[in-house]
Participant: 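Pasting in a structure now, in structure tokens, and then I'll have a few things to ask.
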Number of protein chains: 2
Amino acid sequence: MQIGEISKKTGLSISTLRYYDKHGLLQNINRSNGGIRKFDDKDLEALRIIICLKTSGMKISEIKQFMDWCSKGDTTIDKRLNMFYQQEKNINEQIDILNKSLKLIKFKQWYYEAAKRDGTEKNVKDMNLDDYPDDIRKLYEEAHIIW
Amino acid sequence: MQIGEISKKTGLSISTLRYYDKHGLLQNINRSNGGIRKFDDKDLEALRIIICLKTSGMKISEIKQFMDWCSKGDTTIDKRLNMFYQQEKNINEQIDILNKSLKLIKFKQWYYEAAKRDGTEKNVKDMNLDDYPDDIRKLYEEAHIIW
DNA sequence: ATACAATCTAAACTTTGGTTTAGGTCAAGT
DNA sequence: ACTTGACCTAAACCAAAGTTTAGATTGTAT
């Protein structure tokens with residue numbers, strides 16, 4: 001497979017694939033005699049994990065670190081395992097943050113639905129916390145815990 | 001409250017707060033005669049939603065759009081409501097992606113735990129899909145659905 | 001042999017979201 | 001009045017993650 005096909009398959013642009021290669025994320029990709037990249041299944045598998053780490057917030061330089069460890073062999077197994085433990089933590093933190101955001105978002109939906117019904121924001125803006133429906137008050141309070 | 005106190009409260013740096021102000025995210029902040037920003041509770045509330053939108057992936061320019069709508073009054077209620085519907089979708093998509101990533105991460109944890117036990121990656125690398133434990137094979141397959 | 005699409009590199013450019021710097025002002029306490 | 005810490009602006013700077021450009025090469029099909 002050449003770079004165009006890989007681009008279509010993965011959804012990464014051709015220039016991004018070359019950028020990743022240049023920055024050491026795609027290690028030992030084969031080349032034709034003429035210098036054209038020839039991707040195989042192992043490269044696709046590497047891309048799968050690159051995309052996974054990338055979309056879960058890891059930086060290019062950290063992914064490169066992982067790929068370097070992979071190339072270095074069995075002495076780095078522990079580092080790689082720990083990286084995956086750490087990344088699980090990172091992802092769970094991100095999900096928590098998103099779920100917290102969701103609460104404020106849903107509160108605001110309720111708020112603007114009320115404003116829409118009234119044709120004006122005025123009433124709902126002046127409303128007292130006690131007058132919110134219970135579930136909405138709960139959302140509001142959970143979204144305002146921190147400060 | 002002045003900018004230093006707000007910075008401590010929100011966790012945003014002073015320069016970030018000034019940057020947000022400059023880019024129209026903090027609308028009509030009061031100033032002392034000398035030109036010093038004086039924040040009140042409504043500004044804190046605005047910051048809460050700014051931080052919520054920001055951490056859930058919205059761009060500064062989009063948040064500014066929302067703030068402009070807020071300033072424009074009741075004619076923009078519908079736009080604001082729709083923005084919150086859209087942002088809910090965005091967040092749910094992000095959570096889905098993170099959960100998908102988690103599957104590959106957990107598969108890799110299993111993989112490297114096996115490698116660690118063996119002292120080498122070799123055995124687990126050569127292992128057949130059928131030899132994976134059922135739950136692990138499931139993780140693997142779910143992480144490889146797309147391509 | 002020629003045309004043509006696909007590929008290659010290096011280097012410049014772009015965007016986003018800030019941070020840093022330089023050179024001032026403000027305002028509270030002494 | 002004077003010091004001092006907190007604040008101000010404008011402008012330059014920065015890093016990350018690509019994208020674009022320009023000019024050259026590859027390799028397949030006619």
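Below, chains carry the letters A, B, ... as their sequence lines are ordered, and counting in each starts from 1.
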Participant: What's the shortest heavy-atom distance between A:Lys54 and A:Ile63, and which atoms?
Facilitator: N-CD1, 3.9 Å
Participant: Taking the side chain as every heavy atom from C-beta outward, state whether A:Leu26 and A:Asp43 have any pair of such atoms under 4.5 Å apart.
Facilitator: no
Participant: What integer distance in Å separates A:Ile3:CD1 from C:dT9:P?
Facilitator: 8 Å
Participant: Round to a whole Å and report the spacing from NZ of A:Lys64 to C1' of D:dG18.
Facilitator: 18 Å
Participant: Name the closest nucleotide to the A:Arg18 side chain, picking from C:dT19, D:dC7, C:dT7.
Facilitator: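 In terms of side-chain proximity for A:Arg18, the closest of C:dT19, D:dC7, C:dT7 is C:dT7.
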Participant: Once you round it to whole Å, what is the distance between P of D:dA17 and CD1 of A:Ile50?
Facilitator: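 The answer, rounded to whole Å, is 13 Å.
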Participant: Is there a side-chain contact between B:Arg37 and the phosphate of D:dC8, meaning an N or O under 4.0 Å from OP1 or OP2?
Facilitator: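 B:Arg37 to D:dC8 OP1/OP2: side-chain N or O found under 4.0 Å.
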Participant: Does the side chain of B:Arg31 get closer than 4.0 angstrom to OP1 or OP2 of D:dT9 through an N or O atom?
Facilitator: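 Result: yes.
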Participant: I want to verify a distance call: between C:dT7, D:dC8, C:dA27, whose nearest atom is closest to the B:Ser32 side chain?
Facilitator: C:dA27
Participant: Would you say a side-chain N or O of A:Lys59 is under 4.0 Å from OP1 or OP2 of D:dG18?
Facilitator: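 Negative; the distance criterion is not met.
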Participant: Could A:Arg80 and B:Glu121 be called an ion pair, given the rule that one side-chain N must be under 4.0 Å from one carboxylate O?
Facilitator: yes
Participant: Please tell me whether A:Phe84 and B:Tyr111 form a close aromatic pair, meaning their ring centres lie under 6.0 Å apart.
Facilitator: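 Aromatic pair excluded; centres sit 6.0 Å or further apart.
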Participant: Ring centroid separation for B:Tyr140 and B:Trp110, is it under 6.0 angstrom?
Facilitator: no
Participant: Roughly how many Å is it from OH in B:Tyr19 to P in D:dC14, rounded to a whole number?
Facilitator: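 For the pair B:Tyr19 OH and D:dC14 P, the rounded distance is 17 Å.
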Participant: Assign each of A:Ser13 and B:Gly34 to its nearest nucleotide of DNA chain D by heavy atoms, then name whichever residue's nucleotide is nearer the 5' end.
Facilitator: B:Gly34
Participant: If I take atom CE in residue A:Met1 and atom P in nucleotide D:dG27, what distance separates them, rounded to the nearest angstrom?
Facilitator: 18 Å
Participant: Taking OP1 and OP2 of C:dT7, is either one under 4.0 Å from a side-chain nitrogen or oxygen of A:Gln2?
Facilitator: yes
Participant: Please report the distance, rounded to the nearest Å, between CG in B:Asn33 and P in C:dA28.
Facilitator: 12 Å
Participant: Quick one: do A:Arg18 and A:Asp21 make a salt bridge, cutoff under 4.0 Å?
Facilitator: no
Participant: Is the phosphate of D:dG18 approached by A:Tyr20 (side-chain N or O, under 4.0 Å from OP1 or OP2)?
Facilitator: yes
Participant: Tell me whether the OP1 or OP2 atom of D:dA16 has a side-chain N or O from A:Ser61 closer than 4.0 Å.
Facilitator: no
Participant: Please classify the nucleic acid contact of B:Lys38 as base, sugar-phosphate, or nothing, using heavy-atom distances under 4.0 Å.
Facilitator: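 Answer is nothing: B:Lys38 stays at 4.0 Å or more from every strand.
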Participant: Any side-chain N or O of B:Thr16 less than 4.0 Å from the OP1 or OP2 oxygen of C:dT19?
Facilitator: yes
Participant: Tell me the interatomic distance from A:Leu17, atom CG, to D:dT19, atom C1', rounded to whole angstroms.
Facilitator: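 So the two atoms are 13 Å apart, to the nearest Å.
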Participant: I want to verify a distance call: between D:dA17, C:dT19, C:dG17, whose nearest atom is closest to the B:Ser15 side chain?
Facilitator: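 In terms of side-chain proximity for B:Ser15, the closest of D:dA17, C:dT19, C:dG17 is C:dT19.
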Participant: Of A:Ile14 and B:Ile36, whose closest DNA chain D nucleotide lies nearer the 5' terminus?
Facilitator: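 Residue closer to the 5' terminus by nearest nucleotide: B:Ile36.
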Participant: How close or far is atom P of D:dA11 from atom NZ of B:Lys22, stated in whole angstroms?
Facilitator: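 Going from NZ in B:Lys22 over to P in D:dA11 covers 8 Å.
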